[in-house]
Chemist: 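Have a look at this one.
Computation of the quantities below employed the complete heavy-atom set of this structure, encompassing side-chain atoms and omitting hydrogens, waters and symmetry-equivalent molecules. Convention: sequence-line order gives letters A, B, ...; per-chain numbering from 1.
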Amino acid sequence: MAALLGRSCRKLSFPSLSHGARKVSTETGKSLNLYSAINQALHIALDTDPRSYVFGEDVGFGGVFRCTTGLAERFGKNRVFNTPLCEQGIVGFGIGLAAMGNRAIVEIQFADYIYPAFDQIVNEAAKFRYRSGNQFNCGGLTIRAPYGAVGHGGHYHSQSPEAFFCHVPGIKVVIPRSPREAKGLLLSCIRDPNPVVFFEPKWLYRQAVEEVPEHDYMIPLSEAEVIREGNDITLVGWGAQLTIMEQACLDAEKEGISCELIDLKTLLPWDKETVEASVKKTGRLLISHEAPVTGGFGAEISATILERCFLKLEAPVSRVCGLDTPFPLVFEPFYMPTRNKILDAIKSTVNY
Amino acid sequence: MALSRLTSRSNIITRPFSAAFSRLLSTDTTPITIETSLPFTAHLCDPPSRSVESSSQELLDFFRTMALMRRMEIAADSLYKAKLIRGFCHLYDGQEAVAIGMEAAITKKDAIITAYRDHCIFLGRGGSLHEIFSELMGRQAGCSKGKGGSMHFYKKESSFYGGHGIVGAQVPLGCGIAFAQKYNKEEAVTFALYGDGAANQGQLFEALNISALWDLPAILVCENNHYGMGTAEWRASKSPSYYKRGDYVPGLKVDGMDAFAVKQACKFAKQHALEKGPIILEMDTYRYHGHSMSDPGSTYRTRDEISGVRQERDPIERIKKLVLSHDLATEKELKDMEKEIRKEVDDAIAKAKDCPMPEPSELFTNVYVKGFGTESFGPDRKEVKASLP
């Protein structure tokens, strides 16, 4: 496959995945917030592969969220550079770069602005390998974008567009929940031989602080993690929403409901087996995400689990999501799937 | 339009001064000719003359409205820091000449559409301070009912189509409005404003091609304040001559800090657009604040640069000098005018602060057209259910 490209294509190799999630979660490291963890991941990625590049709007000075601090100084303006204001151009350019065997790490400044690039992602990136019969691919492409509510973002700085991308075979969609996860997942995404869209919960850039190991490590994609064990109901979520769900689980525990919480991590392709096993144990499922409920990714999870666990379900699958409105300005507290809404849904599902 | 607002204000607030002001305002329609500061640079067209027809009334009007715009933006700055305005706030101080010059050249039938730096353009289109401050603080009395915020001001009666957050997205919309105007034989034009950062968006060129192909009365105005957020124009654009970017579409470069140059250019552009088709105007302007309230504005440019522009090219100072040199008012009268404006703004803020927030049911209104019974569900689909009105 590499030979067909006629260049000395670097074989995409990465450290053994056997040192997976369980080992990482017990290691200690430095206390970092999300943007620092992502920054570290980018430093490692550029360090280990001389043919990787980071570009996007304003990444040169460190980016609007400081995720790319120090990269331009360390690796030079030829590898870390700013682009003009054109998302379609940026992603298209990244696809081309990746097609020539490089790792293109593209930053879209806010996920709300990713739509001009949607055509490039869906029609070009996702289908490149398929339509060329494996002659070409843009596996080296990773698109990073901050997503999600931040308290005052309004219509265009708070959107969660993951559902649009989960509908596209050919790309992967990954969303980390915390700094340690983010670093490992981002490194896996960059080194994954498929184009990946990596959404970072912008709310957690400064808020989330965790011990992050300083070395190079990867967390496997398409493996969900049970972050809290329980017996009465399974909760599935990703990104910043998990923090809210965890609070709801604690509240539910006080009322005697034992909740199992699963972090999906990779939305496409998602780990159906882990969720299925959990629901077969508990018999109830609740999914929560910030994006509007209709057509959100929760619908896909619900339908799949229904197919697989129909006879084991004690109650209908519950979805606690954003409302079917544009992301509002002053009404954000009403719109968001808050912990009380989740708690109410947990209780009504358990008492069905 | 602004004139009647001025006289009504002076009735309410400054009775002792109203006599003095009416001397200035009601009598003088004597024409004055003003030379623009710089000649126009043209691309594929003949530039208009540097002599601009004006009147003393207009001159005072310009001063007053620009001072009002400036005061309004500074007040918005303080409100944001006091956390009464949340979300995003992009301020226009420094660029007032573009808004005022454009208004002076056109009617309310001509449409304007712009990006997110829209407070002053809204004011120029006839928006009231109360509507502005209410919308900024997210109150019911706001022009978008408190649901839009700083970036989404609209005024249908004055053909002001907003107020857009996504960079560059308003330009194809503007060309569509121009198409409708031509189709309906309205003898009106559309001004689609965008910035130097947005000038690199692909959709702009798509819209420009279509406008040129179909001879639409679209005027694309690049408000070049030389920085796309924090990126200087020479870092983002191969060709910073935005007025030439239209290639086959004529263009004009204008000193955007000179309200009369802007007025002349817009008049010229309107005539061109109605007769021949699209034209690009590049307004060479400058913003004193950063990109938005979260940007200090000094990390990518020096304070000397900012204060230099303020000293040499400030649009309000220029008008002030003209007013004084034509003996239309004394220094003291202008100072009093500014004091009155300050009070007007403070009153509007106080009134807006008292205004209630939108009702929670407003969360669901206007997602779709009213009356079609579309339902929006709450989280668990069982309990909370609101029929979209």
Chemist: Please state whether the side chain, the backbone, both or neither of B/E362 comes within less than 4.5 Å of a heavy atom of chain A.
Modeler: both
Chemist: I need the B/F122 CZ to B/F153 CZ distance, nearest 0.5 Å.
Modeler: 6.5 Å
Chemist: So which part of B/A169 gets closer than 4.5 Å to some heavy atom of chain A, the side chain, the backbone, both or neither?
Modeler: neither
Chemist: Testing the 3.5 Å rule here: is there a donor-acceptor pair between the side chains of A/T294 and A/D324?
Modeler: yes
Chemist: Quick one: do B/E131 and B/K155 make a salt bridge, cutoff under 4.0 Å?
Modeler: yes
Chemist: Please state whether the side chain, the backbone, both or neither of A/P337 comes within less than 4.5 Å of a heavy atom of chain B.
Modeler: neither
Chemist: Taking only Lys NZ, Arg NE, NH1 and NH2, and the carboxylate oxygens of Asp or Glu, determine whether A/E255 and A/K347 approach each other closer than 4.0 Å.
Modeler: yes
Chemist: Would you check if the distance from the ring center of B/F88 to the ring center of B/Y116 is below 6.0 Å?
Modeler: no
Chemist: Sort A/V150 into side chain, backbone, both or neither according to what part of it lies under 4.5 angstrom from a heavy atom of chain B.
Modeler: neither
Chemist: What are the residues of residues 85-94 of chain A, in order of number, with any heavy atom under 4.5 angstrom from a heavy atom of chain B?
Modeler: A/L85, A/C86, A/E87
Chemist: Using the benzene-type ring in the case of Trp, are the ring centres of A/F110 and A/Y156 under 6.0 Å apart?
Modeler: no
Chemist: Which is it for A/H152 and A/H157 under the ring pair (Phe, Tyr, Trp, His ring centres under 6.0 Å) test, yes or no, and what are the steps along the way?
Modeler: CA-CA 8 Å; A/H152 53 270; A/H157 296 79; 9.1 Å; no
Chemist: Please state whether the side chain, the backbone, both or neither of B/E359 comes within less than 4.5 Å of a heavy atom of chain A.
Modeler: backbone
Chemist: Is it possible for you to check whether B/R301 lies under 6.0 Å from the centre of the six-membered ring of B/Y227, through NZ or CZ, and within 45° of that ring's axis?
Modeler: yes
